[in-house]
A.B. asks: 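Please find one structure pasted underneath; my questions will follow.
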Amino acid sequence: MPELPEVETVRRTIWPAIAGRTISEVIVEHPDVVGGGLDAARFAALLCGARFAASRRRGKYLVFELEREVVPVGADGNPCTQAGEGASAPGEPAALPMRLELLVHLRMTGKLACVEPGCADLPHTHLRVRLDNGTELRFADTRRFGRWLILDGRAEAPQGYRELGAEPLEEGFDVEAMRGALAGRYGKLKALLLDQRRIAGIGNIYADEILHRAGLHPERRADDLDSGEIERLWRSTRDVLREAIGKGGTTIRDYVDGRGRRGDFVYSLRVYGRTGELCVTCGRAAVERVVVAGRSTHFCPACQSLPEPAESRP
DNA sequence: TAAATCCTGTCA
DNA sequence: TGACAGGATTTA
């Protein structure tokens, strides 16, 4: 569900309620959501007493920077860090300022909400973070694909996070960066846009919308674009993502932001979910749905024509 | 490069 | 009842 614009919207709507707050209690209802090989008890112990110092977004990950005064000691007397990974040497002072990063990935159906303590739970609430003012940050996730991970400077970040590609809305992401992302790729454009190692944050909805706005067929070969096409793809990528953030993301079914609001970019979608409808851009053809890279893919055969293979050209 | 996998819910 | 859903990883 949540792609870059939704994750950014969640971050912006959650952060004012948690910025500077200290975590007083962490309740893990379903241990599946804790990733990185950390058990629920250590996960909770690491977070308790930590303060939300900063937030940012990387691809579809929410990143919270936390500060805490001391290394917590678990019931077994050991510092609560990644199991077996470089725990404090004997005699090493355990009370040092400590910086942590909390990564949250919402995957398909994850939701974050900041609520007052008595507020009714959303269904499938798996994690609760109580803050020093009583507010609760809650995580609900129907399909339970979402994950919370802690990076404490010793544990290595998960591969998917380490290998994230360019941030498409950063200033440095210029036409040349888009050209670089495409270079040497024999696969299809749709697959490339979904590849988080090339460009981070684009998912199935925005991939389709970006390609439609650029007038490029999802099955075009990625290394086969001319300069004008690369520029169109670059511009569409930035425009679509920025507009979607401006409208609070896209709600097809489940997605809501940190305040429970739905995303209005759903009304701006031109091809996603419009199979069989006349293309709103050209009015000349009906939107088609095919499967590309294993994902349902929507496009207008008139706006996004596929060049004929060379051997069949006259 | 594709398929299977992790889950649950919804819709035809 | 089966197909499908906005994601990512692992396996073939």
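Just so it is clear: chains get the letters A, B, ... in the order the sequence lines come, proteins before strands, and each one is counted from 1. Atoms considered below: every heavy atom in the structure, side chains included; atoms not considered: hydrogens, waters and symmetry mates.
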A.B. asks: Quick one: do A:V129 and A:L38 end up in the same hydrophobic cluster if we chain Ile, Leu, Val, Met, Phe, Trp and Tyr together by side-chain heavy atoms under 4.5 Å apart?
C.D. replies: yes
A.B. asks: With rounding to whole Å, what would you report as the distance between B:dG9 and C:dT9 at their P atoms?
C.D. replies: 25 Å
A.B. asks: Kindly say whether A:E25 contributes a backbone atom to a donor-acceptor pair with the side chain of A:R130 at under 3.5 angstrom?
C.D. replies: no
A.B. asks: Using 4.0 Å as the upper bound for N to carboxylate O, is an ion pair formed by A:R270 and A:E209?
C.D. replies: no
A.B. asks: Roughly how far apart, to the nearest Å, are C:dC4 and B:dA3 at atom C1'?
C.D. replies: 16 Å
A.B. asks: Give DNA chain B the dot-bracket treatment, 5' to 3': Watson-Crick (N1-N3 with N6-O4 or O6-N4) or G-U (N1-O2, O6-N3) under 3.5 Å, [ ] crossing, | other strand.
C.D. replies: ||||||.|||||
A.B. asks: I'd like to know if A:R128 pairs up with A:D121 as an ion pair, taking the criterion as any Lys NZ or Arg NE/NH1/NH2 lying under 4.0 Å from an Asp or Glu carboxylate oxygen.
C.D. replies: yes
A.B. asks: By the 4.0 Å heavy-atom rule, please label A:G160 as base, sugar-phosphate, or nothing.
C.D. replies: sugar-phosphate
A.B. asks: When the C1' atoms of B:dT1 and C:dG6 are compared, how many Å lie between them, rounded to an integer?
C.D. replies: 22 Å
A.B. asks: So what does A:Y272 touch, heavy atoms closer than 4.0 Å: a base, only the sugar-phosphate, or nothing?
C.D. replies: sugar-phosphate
A.B. asks: Is any side-chain nitrogen or oxygen of A:Q196 closer than 4.0 Å to OP1 or OP2 of C:dA8?
C.D. replies: yes
A.B. asks: Is a salt bridge present between A:D195 and A:R197, judged by a nitrogen-to-oxygen distance below 4.0 Å?
C.D. replies: yes
A.B. asks: Classify the nucleic acid contact of A:G146 as base, sugar-phosphate or nothing, counting any heavy atom under 4.0 Å across all strands shown.
C.D. replies: nothing
A.B. asks: Are A:E231 and A:R179 ion-paired here, with the side-chain N under 4.0 Å from a carboxylate O?
C.D. replies: no
A.B. asks: Which part of the nucleic acid does A:R289 contact within heavy-atom distance under 4.0 Å: base, sugar-phosphate only, or nothing?
C.D. replies: sugar-phosphate
A.B. asks: If you restrict it to nitrogen or oxygen atoms, what contacts under 3.5 Å exist between nucleotides 4-10 of chain B and the protein, and what is each distance?
C.D. replies:
unit_1	atom_1	unit_2	atom_2	d
B:dC7	O3'	A:R144	NH2	3.4
B:dC7	O2	A:R143	NE	2.8
B:dC7	N3	A:R143	NH2	3.4
B:dT8	OP1	A:R144	NH2	2.8
B:dG9	OP1	A:H124	NE2	2.9

A.B. asks: Report yes or no: does A:W234 contribute a side-chain atom to a donor-acceptor pair with the main-chain N or O of A:F173 at less than 3.5 Å?
C.D. replies: yes
A.B. asks: Measure from the side-chain heavy atoms of A:I205 and tell me the nearest of C:dA5, C:dG6, C:dA8.
C.D. replies: C:dG6
A.B. asks: Using atom C1' in both nucleotides, what's the gap between B:dT10 and C:dA8 to the nearest angstrom?
C.D. replies: 23 Å
A.B. asks: Have a look at A:N204 and tell me which of A:E3, A:H298, A:K190 forms a side chain to side chain donor-acceptor pair (under 3.5 Å) with it.
C.D. replies: A:K190
A.B. asks: Using a strict 4.0 Å threshold on nitrogen-to-oxygen distance, state whether A:R12 and A:E8 make a salt bridge.
C.D. replies: yes
A.B. asks: Please measure how far the P atom in B:dC7 lies from the corresponding atom in C:dT1, and state the result in whole Å.
C.D. replies: 22 Å
